[in-house]
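Remember, it's 1-based here, ligands and their atoms both numbered in the order they're listed.
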Amino acid sequence: MKKDMLTIYDLDADDFGEIFKRAERLKNLLYRGVEHASLRGKTLGMLFDKASTRTRLSFEAGIHQLGGAGIFLSRRDIQLGRGEPVSDTARVMSRYIDGIMIRTFEQELVEEFARYATIPVINGLTDLLHPCQVLSDLFTIIEKKGGYEGLKVAYVGDGNNMTNSWINAAARLPFRLAIACPQGYDPDGAILERGIREAKEGIELLRTPADAVAGADVIYTDVWASMGQEDEQDERVAAFQGYQVNEKLLGCAKRDAIVMHCLPAHRGEEITAGVIDGPHSVIIDQAENRLHVQKAIMEILMSGGREK
Ligand code: CP
Ligand code: NVA
């Protein structure tokens with residue numbers, strides 16, 4: 001039976017360790033220049049309804065390094081953009097390719113696609129979630145801190161797709177999550193409620209960034225206006241005053257705290273240049289790890305045969 005990765009909740013307890021172990025191995029092989037063509041002959045479709053640098057490049061380079069091929073699909077250029085139903089698109093694509101990564105607006109679209117597709121569907125970001133990013137970030141935390149168990153992760157800023165996926169992760173894995181968002185910009189209510197109920201080490205929603213960051217091992221932030229919210233830019237900049245990750249806020253965290261951002265970043269808005277380009281920042285290693293972790297995910301999901 002094919003498996004999808006539409007949310008962190010699609011992963012079983014064992015899957016996390018398996019992804020991180022494979023990612024470490026694949027990273028090692030790549031650095032040693034050892035061929036690792038475990039998906040030779042396989043094809044990944046990559047459907048983008050939104051812009052991307054990291055997701056597109058890491059999936060496309062990743063499937064290539066695994067011996068397969070990636071096909072970039074923009075809604076504009078395929079019949080889906082002219083109204084062909086998702087059900088037909090997903091079933092037809094399943095006869096040609098071995099997996100599909102989708103970046104779009106509604107989470108419902110990736111879910112509908114997955115219902116009809118007989119190939120694995122991977123969520124490459126929706127308005128609601130960004131699971132590949134959080135899995136890569138957890139791998140980066142393992143590399144930098146030796147593990148995430150018992151650590152405190154502070155998320156400061158907009159309660160967006162990144163925050164929602166962090167909540168999902170804290171519901172499944174043993175780390176503390178403290179979120180500081182301005183009122184009116186909270187994470188998804190249902191995701192937060194379930195997260196708080198199931199959290200291993202606790203999830204808190206706070207209003208004061210310094211309280212969230214107090215004693216944190218990891219400080220995480222993201223843009224104030226996500227893709228699709230460009231019209232709200234000015235009102236959001238006003239609403240998020242006081243929620244910037246800056247040198248003063250960094251001073252509230254542990255001395256060896258790391259600073260993370262999924263990128264792209266707006267220096268001078270959600271984070272200062274001094275912090276994002278300073279010694280605590282791990283943003284470039286974090287971006288690199290998208291490649292290794294997504295290769296691990298593709299290996300796990302796409303190694304099998306075809307189903308009708
Ligand atoms: N972090 C991330 O998903 O980046 P892109 O939008 O460039 O893919
Ligand atoms: N929250 C951001 C993440 C970009 C990777 C957005 O959705 O635009």
Residues [X] and [Y] bridged, charged N to O under 4.0 Å:
X    : Y   : value
D49  : R76 : no
K2   : D98 : no
D12  : K3  : yes
R115 : D4  : no

Quiz item: Which value, rounded to the nearest 0.5 Å, describes the distance between R75 atom CZ and L73 atom CG?
Solution: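 One finds 11.5 Å between CZ of R75 and CG of L73.
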Quiz prompt | Nearest-0.5 Å distance that lies between atom CG in N160 and atom SG in C262 | solution =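 N160 atom CG to C262 atom SG measures 7.5 Å (nearest 0.5 Å).
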Exercise. With sequence neighbours excluded, tell me which residues meet side chain to side chain donor-acceptor pair (under 3.5 Å) with E270.
Key: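 Once residues adjacent in sequence are excluded, the partners of E270 under the side chain to side chain donor-acceptor pair (under 3.5 Å) criterion are H261.
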Practice problem: Please work out which of G228, C262, G124, S226 has its closest non-hydrogen atom nearest to atom 6 (C) of ligand 2. | Solution: S226
Quiz item: Heavy atoms only: which of M162, R103, M227 is nearest to atom 8 (O) of ligand 2?
Solution: M227
Quiz item: Is any side-chain heavy atom of I8 less than 4.5 Å from a side-chain heavy atom of F16?
Solution: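 A side-chain contact exists here, since the closest heavy-atom pair is under 4.5 Å.
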Distance-only N or O hit between ligand 2 and [X], under 3.5 Å:
X    : value
P264 : no
D222 : yes
N161 : yes

Self-check item: For N160, the ligand 2 atoms whose distance to one of its heavy atoms is below 4.0 Å
Solution: 1 (N)
Exercise. Find all atoms of ligand 2 within a distance of less than 4.0 Å from any non-hydrogen atom belonging to L263, and give their numbers and elements.
Key: 5 (C)
Ligand-protein N/O pairs under 3.5 Å (ligand 1):
unit_1	atom_1	unit_2	atom_2	d
ligand 1	1 (N)	Q133	OE1	2.9
ligand 1	1 (N)	C262	O	2.9
ligand 1	1 (N)	L263	O	2.9
ligand 1	1 (N)	R290	NH1	3.4
ligand 1	3 (O)	T55	OG1	3.1
ligand 1	3 (O)	R103	NH2	2.9
ligand 1	3 (O)	H130	NE2	2.9
ligand 1	3 (O)	R290	NH1	3.0
ligand 1	4 (O)	R54	NE	2.8
ligand 1	6 (O)	R103	NH1	2.8
ligand 1	7 (O)	T53	N	2.7
ligand 1	7 (O)	R54	N	2.8
ligand 1	7 (O)	R54	NE	3.1
ligand 1	7 (O)	R54	NH2	3.0
ligand 1	8 (O)	S52	OG	2.6
ligand 1	8 (O)	R54	N	3.4
ligand 1	8 (O)	T55	N	2.8
ligand 1	8 (O)	T55	OG1	2.7
ligand 1	8 (O)	R103	NH1	3.3
ligand 1	8 (O)	R103	NH2	3.2

Quiz item: Identify the closest protein heavy atom to atom 4 (C) of ligand 2: which residue and atom is it, and at what distance?
Solution: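 The protein heavy atom lying closest is L125 CD1, 3.9 Å.
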